[in-house]
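To start, the structure under review is shown below, and the notes come after it.
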Amino acid sequence: MTIRSREPHPAMDRRSFFLGSGVAAGTVWTGALTAQLIPTRARGAEARNPTNAEVLNAQTQRALRWAGRMPADWVRARPGVDHNVMIVGGGQTGISIAYALRRKGIGRVTVIDRCGPGEAGIWRNIARMHQLRTPKWLPGPEQGNPDLGFRAWYETLNGAAAFDALDRIPRLAWADYLAWFEQVTEAGVRYRTRLVGLEPAGEYLRVHLDSEGAQRTEVTRKVVLANGFRGAGGVNVPAILRGVPAHLWSHTDVPFDFSRLAGKEVAVIGAGASAFDAAATAIEHGAAAVHLYSRRRYVDYPAPGVAQVPGSPGPPGDRGHANVVELLPDLPDEIRWRNWRARESRSATVPPDSLARAVQSKKFHIHLGSEWTAVAPRSQGVSAHIAGKQRRFDHVIAATGYRVDLSAQPELEVIQPTIARWQDRYRPPSGEEDATVAQFPYLGAGFQFLPRPDARAEYLRNVHCFNMAASASFGTLVGDIPSVAQQPRLVAAITRDFFVEDVDPAQNRRYVEAPIVPPSPAPYQSAVSSS
Ligand SMILES: Cc1cc2nc3c(=O)[nH]c(=O)nc-3n(C[C@H](O)[C@H](O)[C@H](O)COP(=O)(O)OP(=O)(O)OC[C@H]3O[C@@H](n4cnc5c(N)ncnc54)[C@H](O)[C@@H]3O)c2cc1C
C-alpha cells in the first residue's frame with residue numbers, strides 16, 4: 001500500500017514538525033515499510049513524491065489548522081500569579097491535559113518534569129514489555145482529534161496494513177508517538193524542573209521548584225499532579241526487603257542494568273505483568289535461572305474472547321473497555337469502595353505474550369502459593385525463607401507494584417494532613433474494612449482534593465490529582481491509557497473554576513446596565529418602510 005499526499009507537495013518550512021525528535025520517530029518506525037512506501041523512481045528536486053514523514057507533517061499541519069487556531073487566553077491575568085495551571089509531570093497524562101486545557105482557551109499552562117528531554121514517562125526506562133498491554137485502538141491523548149492519534153501517526157508513517165498487522169502497540173513506537181505529540185501540540189515542557197514543595201498562598205498556591213539545582217518559588221492558581229503511578233506514595237517494597245542492602249535487590253520501577261544478572265540466580269517476587277517482563281528480561285540478559293514467586297496459586301491472564309459487558313457497573317473485566325469508564329466515578333461510594341477493594345486484591349493480568357516470553361525458557365520457574373517470610377544478606381547474595389524452605393539467590397527483583405500514601409510524598413508535606421481520605425468520608429459495613437483503600441484520597445468530581453472535615457483548607461480545590469491515588473474515587477487505574485477518558489472531567493472542572501471565579505461583578509453590572517446605543521441605520525436605511 002502506498003500513501004501519497006492528495007495535495008501538491010507542501011514546502012517544508014523551518015518550523016517543520018519533523019525537526020528534532022520527530023525525525024527519530026520516523027526513522028525508528030518506518031524501517032523496511034518505508035522503503036516500500038517511498039516511490040522508487042527518481043527523487044529529483046522538482047519531481048519527487050513526499051516521504052511519509054513529509055505526508056505526516058502536512059497532514060498534521062492541516063489537522064491543526066482545521067481544528068482551528070488555539071483560542072486566545074481568556075483567563076484574567078492576576079498580579080503576582082505566574083501560571084494559571086502548573087502540571088507536574090510531562091508524561092502522557094501531563095502533555096494530554098496541557099493540550100486539552102489550551103484548546104479550552106486557558107493560557108499560561110506550564111508543564112514541568114524532573115527528567116531531561118526524552119526521558120519523561122516510563123516507556124524507555126522501566127517498562128520492559130515489547131508491546132503495550134492495552135488494545136491498540138484505545139483513544140489516547142489526542143482529545144478527540146483523530147489526526148493526532150496514534151493510529152494516524154503510525155499508519156501515515158508505515159501504512160494502514162502495518163497498523164492492521166499489529167497485535168498491540170509496540171512499546172517504543174508509543175514512546176516515539178508521545179514525543180511527536182508533545183512536539184506538534186507545542187507542550188513546551190520545562191524539563192529538569194522538579195516540584196519539591198506546595199503550599200497555600202492566600203487564594204493561590206506557592207510551588208517550590210528545583211530547576212537544574214537552582215531553587216525557585218513561583219505562584220500558580222491550579223496544580224495538576226500528573227506524576228505517574230509512583231507519584232502518590234512511591235513503590236511498594238515488601239517489609240522483608242527493607243533491611244537488605246540495596247545492591248542485592250531492585251524494584252521493577254527503577255531503571256536497572258539487567259546485564260548485571262548474567263550468570264546469576266535471580267528471584268522475582270510477584271506475579272503480575274511486570275514480574276513476567278522482568279523475568280524474561282533477566283533471562284534474555286543471560287541470567288542462569290529465574291524463579292518467580294506468587295502468593296496466589298494461579299497466574300492471572302486475560303481469558304481469550306471475554307469482553308467487557310457494556311454498561312455493567314463495576315471494574316472493567318479487561319483493559320479495553322473505554323466506553324463507560326468515565327461513568328465509574330458516578331457510582332455510589334459503597335460500590336466504588338467494593339470495586340477498588342476487589343481490584344486491589346487482584347494482580348495485574350499478564351498478557352499472553354509476556355507470559356510466553358518467560359515461560360518459553362527452561363531457565364524460568366514459577367512457584368505458586370509461595371510466600372516469602374524472611375530474607376537475610378549472605379556473603380554472596382541473599383538467603384530467603386519461602387514456604388518453609390531456605391533458598392539462596394544472587395539478586396531479588398521486587399515486582400510488587402505501588403502504594404498510595406500521600407504522607408510519603410515530600411512535595412505534599414505541608415498540605416497532605418488536610419486532605420480527606422476515604423476513611424474520613426466513608427464507613428464501610430462490618431467485614432468490608434480495608435486499611436489500603438481507606439488511605440486513598442477521597443476526591444471531588446474534578447479530581448480535586450477535598451479538605452478533611454475539621455480542616456480549613458479551601459485551597460485544596462485548586463490541587464487536582466490525576467495519578468494512581470485517584471483510582472479509588474474514579475473506579476479505574478488513573479494514569480493509564482483507558483483513563484484518558486476521565487480527563488474531560490478534570491479539564492471541565494478547571495475551566496469552570498476559572499470562568500466562574502473570573503466574573504467581575506462590577507464589570508458585569510456595567511455591562512448589563514449599559515444603555516443600549518443603537519448603531520447607525522445607514523446599512524439598511526434605504527429598505528426601511530415608512531408605511
Ligand atoms: C511497567 C508498566 C507498564 C505499563 N503498561 C501500560 C500499558 O500497556 N497500557 C496502559 O494503558 N498503561 C500502562 N501502564 C500504566 C500507565 O499508562 C503508565 O504508568 C504511564 O506512564 C502513566 O503516564 P503518566 O503520564 O500518568 O505518568 P508517567 O509516565 O509516570 O510520567 C510522570 C512524570 O512525572 C514526572 N514527575 C514525577 N514527580 C515529579 C516532580 N515532583 N516534579 C516534576 N516531575 C515529576 C516524572 O519524571 C515522569 O516523567 C503501565 C505502567 C507500568 C508501570
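Order of listing sets the numbers, starting from 1, for every ligand and every atom in it. Hydrogens, waters and symmetry mates play no part in the numbers below; they use all other heavy atoms, side chains included. Just so it is clear, the model here is predicted, and its values are computed rather than measured.
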- Can you list the ligand 1 atoms lying under 4.0 Å from a non-hydrogen atom of Ala120? 49 (O)

- Note on the structure: Per-atom filter on ligand 1: closer than 4.0 angstrom to a heavy atom of Ala226 are 32 (C), 34 (O)

- Go through Tyr442 and Leu450 one step at a time and tell me if the side chain to side chain contact (heavy atoms under 4.5 Å, CB included) criterion holds. CA-CA 7 Å; Tyr442 186 101; Leu450 298 175; 3.9 Å; yes

- For ligand 1, does Tyr191 get within less than 4.0 Å through its side chain, its backbone, both, or neither, judged by non-hydrogen atoms? neither

- Message: Side chain or backbone, does Gln92 bring an N or O within less than 3.5 Å of an N or O on ligand 1?
- Response: yes

- Option nearest atom 24 (P) of ligand 1 (shortest heavy-atom distance, choices Val235, Thr93, Val478): Thr93

- Query: Looking only at N/O atoms, are Gly121 and ligand 1 under 3.5 Å apart anywhere?
  - Reply: yes

- Query: Can a salt bridge be assigned to the pair Arg151 and Asp164 using a cut-off of 4.0 Å between side-chain N and carboxylate O?
  - Reply: yes

- Query: Near Cys115, which atoms of ligand 1 are under 4.0 Å from a heavy atom of that residue?
  - Reply: 47 (O)

- Task: State, yes or no, whether a side-chain contact exists between Lys104 and Leu101 at a heavy-atom distance under 4.5 Å.
- Result: no

- Item | Which atom of Ala226 lies closest to which atom of Ile87, heavy atoms considered | CB-CG2, 4.0 Å

- Query: How does Phe466 reach ligand 1, by side chain, by backbone, by both or by neither, if only non-hydrogen atoms under 4.0 Å count?
  - Reply: neither

- Which of the atoms of ligand 1 are close to Ser274, meaning less than 4.0 Å from one of its heavy atoms? 1 (C)

- Message: Within the 4.0 Å heavy-atom shell around Thr193, which atoms of ligand 1 are there?
- Response: 43 (C)

- Message: Under a 4.0 angstrom heavy-atom cut-off, which atoms of ligand 1 come close to Pro482?
- Response: 11 (O)

- Task: Please identify which atoms of ligand 1 are closer than 4.0 Å to at least one heavy atom of Met129.
- Result: 3 (C), 4 (C), 5 (N), 8 (O)

- Task: Measure the distances from the heavy atoms of Trp174 to every atom of ligand 1 and state whether one is below 4.0 angstrom.
- Result: no

- Message: Considering only residues two or more places apart or on different chains, which pairs with a residue in residues 394-420 satisfy ring-ring contact (aromatic ring centres under 6.0 Å, His included)?
- Response: Phe229-Tyr402, Phe256-His395

- Message: Within the 3.5 Å criterion, strictly below it, is a donor on Ser473 or Trp422 matched to an acceptor on the partner's side chain?
- Response: yes

- Item | Listed once per pair and sorted, the ring-ring contact (aromatic ring centres under 6.0 Å, His included) pairs that draw on residues 92-114, sequence neighbours left out | Tyr99-Phe181

- Could you pull out, from Thr134, Asn125, Asp113, the option with a heavy atom nearest to atom 48 (C) of ligand 1? Asp113

- Looking only at heavy atoms, the pair that brings Val299 and Ala271 closest together is CG1-O, 4.3 Å

- Task: Verify the distance criterion only: is there a donor paired with an acceptor across the side chains of Thr110 and His83 at less than 3.5 Å?
- Result: yes

- CD/Glu212 to CZ/Arg194 distance, rounded to the nearest 0.5 angstrom? 13.5 Å

- Note on the structure: Under 4.0 Å from one or more heavy atoms of Arg194, ligand 1 contributes atoms 41 (N), 42 (N), 43 (C)

- Query: Is Asp253 in polar range of ligand 1, meaning some N or O pair under 3.5 Å apart?
  - Reply: no

